[in-house]
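Notes to accompany the following structure.
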Amino acid sequence: MDANEILDYCLAKKAVTESFPFDNETLVLKVDTKMFLLMSLEKQPLSINVKTDPEWSAELREQYPQITGAFHMNKTHWNSVMVDGLKRDLIFKLIDQSYELVFKSLTKKAQNAVNDSL
């Protein structure tokens, strides 16, 4: 799986925007105004940061050496995921959960705006 596949998957979700607020290589994907995925476009192997339920995070970190607490982020809620060696379905599941957790944290007004977007 490469960065373009991940980007295409994320951009297919409602109200997702992309930006580079930190530097020229860290792509940030947001739902409304909140981040749900970060991806370094220059570093190899490819790595993403996603928000994950804390209980599932603990399980994932025990089961997969490619999944660790995200650097510079709240390690209780954010994981750094080295994509190499992980199944595509797991990566998509991690992205889906991150999007959903962030979506649920939006105000009702923002959630309605996202749901009403194309």
Side-chain angles (χ1 to χ4, degrees):
M1 178 170 280
D2 65 19
N4 287 325
E5 287 178 273
I6 291 171
L7 180 58
D8 289 345
Y9 186 78
C10 292
L11 291 176
K13 295 181 175 301
K14 286 186 175 187
V16 171
T17 58
E18 56 183 310
S19 64
F20 291 89
F22 306 118
D23 55 40
N24 291 332
E25 77 172 53
T26 306
L27 176 63
V28 174
L29 295 165
K30 297 179 180 180
V31 56
D32 191 50
T33 60
K34 294 191 175 193
M35 297 186 302
F36 75 94
L37 186 137
L38 292 89
M39 177 170 46
S40 175
L41 299 178
E42 300 295 323
K43 292 182 184 172
Q44 291 299 323
L46 179 61
S47 176
I48 61 174
N49 285 0
V50 289
K51 193 167 191 174
T52 315
D53 174 80
E55 288 182 26
W56 194 35
S57 284
E59 291 176 34
L60 290 166
R61 292 175 192 174
E62 285 179 23
Q63 190 172 0
Y64 301 99
Q66 301 97 320
I67 301 177
T68 59
F71 189 63
H72 286 309
M73 302 188 83
N74 182 330
K75 290 166 184 47
T76 301
H77 298 280
W78 287 86
N79 281 317
S80 198
V81 179
M82 300 291 262
V83 173
D84 285 353
L86 294 177
K87 291 185 178 181
R88 160 188 214 95
D89 290 345
L90 175 60
I91 295 165
F92 287 156
K93 188 174 179 180
L94 289 163
I95 293 168
D96 290 343
Q97 184 177 91
S98 186
Y99 179 91
E100 287 300 319
L101 287 169
V102 172
F103 176 80
K104 287 177 185 175
S105 74
L106 298 174
T107 65
K108 290 292 179 194
K109 182 178 179 181
Q111 287 179 14
N112 289 336
V114 168
N115 285 329
D116 291 342
S117 69
L118 295 175

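Note: F92 and Y9 have parallel aromatic rings, judged against thresholds of 30 and 60 degrees for the angle between ring planes.
Between the OG1 atom in T33 and the CG atom in L106 there is a gap of 6.5 Å [rounded to 0.5 Å]. Taking CZ from R61 and OG1 from T68, the interatomic distance works out to 7.0 Å, rounded to the nearest 0.5 Å. Atom OG of S98 and atom NE2 of H77 lie 12.0 Å apart (nearest 0.5 Å). Summarising the geometry, atom OG belonging to S117 is positioned 6.0 Å from atom NZ belonging to K14; distances are rounded to the nearest 0.5 Å. In this structure, OG1 on T26 lies 10.0 Å from NE2 on H72, to the nearest 0.5 angstrom. Atoms NZ and CG, from K30 and L37 in turn, are 13.0 Å apart once rounded to the nearest 0.5 Å.
Between L90 and Y64 the shortest side-chain heavy-atom distance falls below 4.5 Å. Put simply, the side chain of Y99 does not reach to within 4.5 Å of the side chain of L29, judged on heavy atoms. Within the 4.5 Å cutoff, side-chain heavy atoms of M73 are placed close to those of M35. Residues I95 and C10 form a side-chain contact, since some pair of their non-hydrogen atoms from C-beta on lies under 4.5 Å apart. Proximity of L38 to L27: side-chain heavy atoms (C-beta onward) are nowhere separated by under 4.5 Å. Using a 4.5 Å heavy-atom threshold, the side chains of K51 and F36 count as separate. Using a 4.5 Å heavy-atom threshold, the side chains of L86 and D84 count as separate. The shortest distance between side-chain heavy atoms of L60 and L94 falls below 4.5 Å.
Listed for the Q66 side chain is no donor-acceptor partner under 3.5 Å among the backbone atoms of V83. Proximity of a side-chain donor or acceptor of Q97 to a complementary backbone N or O of D53 within less than 3.5 Å is detected. At distances below 3.5 Å, not a single donor-acceptor pair connects side-chain atoms of T76 with backbone N or O atoms of P54. No donor-acceptor distance shorter than 3.5 angstrom exists from the side chain of N79 to the backbone of V81, with no hydrogens or angles considered.
Linking ILVMFWY residues whenever their side-chain heavy atoms come closer than 4.5 Å, directly or via other members, leaves F22 and V50 in distinct clusters. Hydrophobic clustering (side-chain heavy atoms under 4.5 Å, transitive across Ile, Leu, Val, Met, Phe, Trp, Tyr) groups M1 together with L41. If you chain together hydrophobic residues whose side chains sit under 4.5 Å apart, V28 and I48 never meet in one group. At a threshold of 4.5 Å between side-chain heavy atoms, the hydrophobic network of Ile, Leu, Val, Met, Phe, Trp and Tyr places I91 and M82 in two separate groups. Side-chain heavy atoms closer than 4.5 Å link hydrophobic residues (I, L, V, M, F, W, Y) into clusters, and following such links, even through other members, never connects L101 to F103.
Nearest heavy-atom pair, A3 versus L46, reported as atom, atom and distance to 0.1 Å: N-CD2, 3.5 Å. Contact record, S40 with E25: OG-OE2, 3.1 Å, taken as the closest heavy-atom pair.
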Q: Would you please test T107 and D32 for side-chain contact (heavy atoms from CB on, under 4.5 Å) and show each step?
A: CA-CA 10 Å; T107 65; D32 191 50; over 6 Å; no

Q: Check step by step if side-chain contact (heavy atoms from CB on, under 4.5 Å) holds for V31 and K13.
A: CA-CA 9 Å; V31 56; K13 295 181 175 301; over 6 Å; no

Q) Are S47 and M39 close enough, and set up right, to give a side-chain contact (heavy atoms from CB on, under 4.5 Å), and what steps lead you there? A) CA-CA 6 Å; S47 176; M39 177 170 46; over 6 Å; no

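The environment of D23 atom CG is dense: over 12 non-hydrogen atoms of other residues, nucleotides or ligands sit within 6.0 angstrom.
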